[in-house]
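Notes to accompany the following structure.
First the proteins, then the strands, lettered A, B, ... as listed; each starts at 1. Just the heavy atoms: all of them, side chains too, but no hydrogens, waters or symmetry mates, feed the values below.
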Amino acid sequence: MSQIKDLINIIFPDVKITIQNLEKKYPERRLPSGAEVTRFAPSPTGFLHTGSLFTSLIAKTIARQNNGIFYTRLEDTDSKREISGSGDELMKQLAVFGVSPDEGFLADNKETGLYGPYVQSKRADIYRIVIKHLMEIGRAYPCFCTTEELELIRKEQESYKQMPGYYGQYAKCRNLSVDEQIERIQRGEKFVIRFRSMGNHFSKIKVHDEIRGDIEIADNDLDIVILKSDGLPTYHFAHVVDDHFMRTTLVSRGEEWISSLPIHIELFEALNWKAPKYAHLPVIMKLDNGNKRKLSKRKDPEAAVSYFIENGYPPIAVINYLMSIANSNYEEWTIQNRSYEYQKFHFDLQNMSLDGALYDIDKLGYFSKGIISHFSAKELTYFVKTWSSVYNRMLYSLIEHDERYFEKIMNIEREKENPRKDYAKYSDIYPLIRFFYVDYYEMIVENHPYNEHISKKIVSQVLESIITENDYSLDEESWFESLKKISLKNGFAVSNKDYKLNKDKFLGHVGDVAEILRISLCASKNSPNLYQVMQIMGKFEVDKRLEYVIDNFLK
RNA sequence: GGUCCCAUGGUCAAGCGGCUAAGACGUAACCCUCUCAAGGUUAAAUCACGGGUUCGAUUCCCGUUGGGACUACCA
C-alpha cells in the first residue's frame with residue numbers, strides 16, 4: 001500500500017491540494033430552481049463552424065429561458081492541432097451573432113466568472129489533483145505503451161475482428177506491479193495515465209438524453225487515456241472534471257459524442273459525482289451527390305460562419321434560420337408574431353428533430369430577405385456601409401461619397417406594407433443598384449437591349465418627349481397618367497388591352513414606353529419602380545442620361 | 001467490420017392507433033402589374049421495404065434496406 005503512495009508521490013510530487021479543497025473552491029451555484037447551467041466549449045482549431053454556432057445558440061437559449069448561466073470554455077488540450085489566435089476569433093464571431101456568454105472565456109486572454117480558469121491549458125493543476133485521487137482509489141494507472149505498440153495491438157484486434165481499444169488482455173500495463181511502474185518512471189520512460197475501467201462491454205447501460213430519451217449502449221470497458229504524456233488531459237476526462245467543477249447542469253453537444261457517453265458516465269461514477277443532463281444535438285448536413293453528409297469545413301464554404309459574414313447575411317438572419325432548424329415551429333411563430341425576435345420564442349428541446357437537418361441556403365435567403373426588408377433605409381445603409389468597408393470597397397466608396405443618395409436608393413419601395421424583398425444578403429445589393437452611379441451606367445448602357453421592333457427614331461422621339469414633358473412634382477399616379485399621354489402622342493396605346501384590340505393602330509403600349517425609359521435610364525430591362533428611380537436621380541441626371549443615349553446610340 | 005443514432009414530398013417538417021396526411025421553403029401556373037422583386041390564388045409532390053400486434057397502422061414491435069456518427073496520447 002505504501003508502495004502506491006510512493007508511486008503517486010513520484011508522479012505528483014507537487015500536488016498538495018485535495019479534491020475536497022476543489023469542491024469548496026467551486027461550490028454549487030445558487031440559482032433559481034429550474035435554472036440550467038449550459039456551456040459552449042470549442043477547441044481553438046479553426047474558425048467558428050456553423051454547427052458550433054447552432055450548438056451554442058441552443059445552449060444559450062436554454063440558459064436564457066430559465067434564468068440560468070451560459071458560459072464558454074476553451075478546450076485547448078491538443079497543442080498539435082491548435083491554431084494560435086483562433087480562440088479569440090471564435091469568441092468574436094460568436095459575439096457577431098449575439099451568442100455572447102454570461103461567463104467564461106471571452107477573448108484576448110480575458111475571462112469572467114468564479115469557476116475559472118476557463119481555458120483548459122490553465123487547469124493542469126486541477127486535472128492532476130483529480131487524477132491523483134483516482135490513483136489513490138485505484139481507478140487510474142500509468143501506461144508505458146508506445147504508439148507503435150498500440151498500433152500493433154490495433155492490428156491484432158483487427159485481424160481477430162475484435163473491438164479495437166485498450167481493454168482486457170490488451171491492456172498490458174493495467175496489471176503492472178507497482179515496483180515495475182516506479183522503476184520505469186524513474187528510468188525516465190514516457191507514460192500516460194489511463195483510467196481503470198470496471199465496466200463490462202457485454203452488458204448494456206441505459207442513459208437518458210434530453211432529446212432522444214433513453215438510449216441503451218454497451219457499457220464502457222476501455223481503459224482510456226485521461227492524461228496525455230504532455231501532461232494535458234484528454235477530452236473525456238477534461239469534460240468530466242470541468243463540467244463538474246464549473247457546475248454545468250446540462251451539456252448540449254453534437255451527436256458525435258453519444259458513443260463516448262458510457263466513458264463519461266463511468267468517469268462520473270468513479271469520482272462519485274452526479275453527471276449532468278445531456279442533450280445530443282443533430283448535426284447539420286449537406287446534400288452532396290444525392291448523399292447526406294456532415295457539413296465539412298474543407299469542402300463547404302458555408303460550413304464556416306465567416307461565409308455568412310463575408311457575403312453579408314445579417315447575423316440575425318442566420319440565427320433565425322438556425323432557430324427554424326432547431327424547432328420547426330419557430331418559422332410558424334415568426335409568421336404569426338410578425339417578428340424575428342427569436343428571444344421571445346419559447347424553445348423546447350423536446351421539439352427538436354432527431355436527424356440532421358440539411359443545410360438549405362434558399363431557406364436562409366427567405367429569412368434574410370424578410371429581415372433585410374424590415375430594416376429602415378437608415379439602418380440598412382449603416383449595415384451595408386459597415387459590411388462593404390471590408391468586403392466591397394467599390395460599394396463602400398460610393399456610399400461614402402454620398403450617403404444620402406445611397407440611403408434614398410435603399411428606401412425604394414421600402415416604406416410600405418409589403419416592402420420590396422430583393423436582397424438576401426448585402427452582396428446582392430451592388431449589382432442591382434450600380435446603374436444609379438454614372439460611371440457604371442455609361443459602361444453598360446452601350447449594350448442597351450431595346451425592343452428591335454421599335455425603330456431608333458421612335459425611341460429617340462419618346463425620350464425627347466420625356467425630356468420636355470416629364471414633371472417631377474407629380475405624385476406617382478399622376479406621373480403615370482402623364483406617361484400614358486406621352487405614349488399616346490408617340491403612337492403607343494395607353495394600356496395593353498387597348499393595344500391588343502387595335503394592333504395595327506399602335507406601335508405598342510405604355511409598357512413598351514416604360515421599357516424604353518427603363519433601358520435608357522437603368523441600362524437594364526428590369527429595375528425597381530421607375531417613378532422612384534427618377535425621383536432619386538432628379539431631372540438633371542435623368543435628362544443627362546436620356547440625352548446621352550440619344551446622342552450616342554440613336555442617331 | 002463492430003457499436004450506437006436516425007427514417008413522412010426536392011428541403012424543413014406537423015402527426016403520438018381511425019385525418020381528404022397540416023404548414024413553410026423551393027418548383028410550376030394564373031392574378032395583380034410599366035419590367036423586376038414582392039403580394040394574392042392554385043397546382044404537382046411524402047408516409048423506404050417486408051413481416052407481425054390490432055377490428056384498424058404513417059403511428060407500436062421485429063427484421064431488411066438506406067443515411068449518419070463513433071471506433072486516437074483529436075476534440
remark   = For Ala317(A) and Phe367(A), the nearest pair of non-hydrogen atoms, with its separation, is O-CB, 4.3 Å
request  = Determine, for nucleotides 25-40 of chain B in 5'-to-3' order, which nucleotides have protein heavy atoms under 4.0 Å from the base (write B), from only the sugar-phosphate (write S), or from neither (write -).
outcome  = SS-------BBBBSS-
Anything under 3.5 Å between a donor and an acceptor, one on a side chain of residues 491-500 of chain A, the other on a protein residue two or more places apart or in another chain? List them.
| residue | atom | partner | partner atom | Å |
| --- | --- | --- | --- | --- |
| Ser495(A) | OG | Lys497(A) | N | 3.4 |
| Ser495(A) | OG | Asp498(A) | N | 3.2 |

query = Between Asp223(A) and Arg196(A), is the closest basic N to carboxylate O distance under 4.0 Å?
reply = no
inquiry  = Base, sugar-phosphate or nothing for Ser524(A)? Non-hydrogen atoms, less than 4.0 Å.
reply    = nothing
query = Does the side chain of Asn529(A) pick up a donor-acceptor pair with the side chain of Glu476(A) at under 3.5 Å?
reply = yes
remark   = Per the under-4.0 Å heavy-atom filter, residues of residues 199-217 of chain A near RNA chain B come out as Lys204(A), Arg212(A), Ile215(A), Glu216(A)
inquiry  = Contact list please: residues 151-173 of chain A against RNA chain B, heavy atoms, distance less than 4.0 Å, in numerical order.
reply    = Arg154(A), Pro164(A)
query = Using 30° and 60° as the class limits, which term best fits the ring planes of His264(A) and His239(A): parallel, tilted or perpendicular?
reply = perpendicular
query = In terms of the angle between their ring planes, are Phe191(A) and Phe144(A) parallel, tilted or perpendicular, with boundaries placed at 30° and 60°?
reply = tilted
request  = Could you tell me which residues satisfy salt bridge (Lys or Arg N to Asp or Glu O under 4.0 Å) with Arg420(A), sequence neighbours excluded, listed by chain and number?
outcome  = Glu413(A), Asp422(A)
query = Taking only side-chain nitrogens and oxygens of Ser229(A), does any of them come within less than 4.0 Å of OP1 or OP2 of rC73(B)?
reply = no
request  = Stems involving RNA chain B: give each as a range paired with a range, ordered by first number, where a stem means at least three consecutive Watson-Crick or G-U wobble pairs under 3.5 Å.
outcome  = B:1-7 with B:65-71, B:10-12 with B:23-25, B:27-31 with B:39-43, B:48-52 with B:60-64
Candidates Leu134(A), Ile226(A), Val225(A) - the one meeting side-chain contact (heavy atoms from CB on, under 4.5 Å) with Ile193(A) = Ile226(A)
inquiry  = Here's one to test your reading of the geometry: is the NZ or CZ of Arg194(A) within 45 degrees of the ring axis of Tyr166(A) and under 6.0 Å from its centre?
reply    = yes
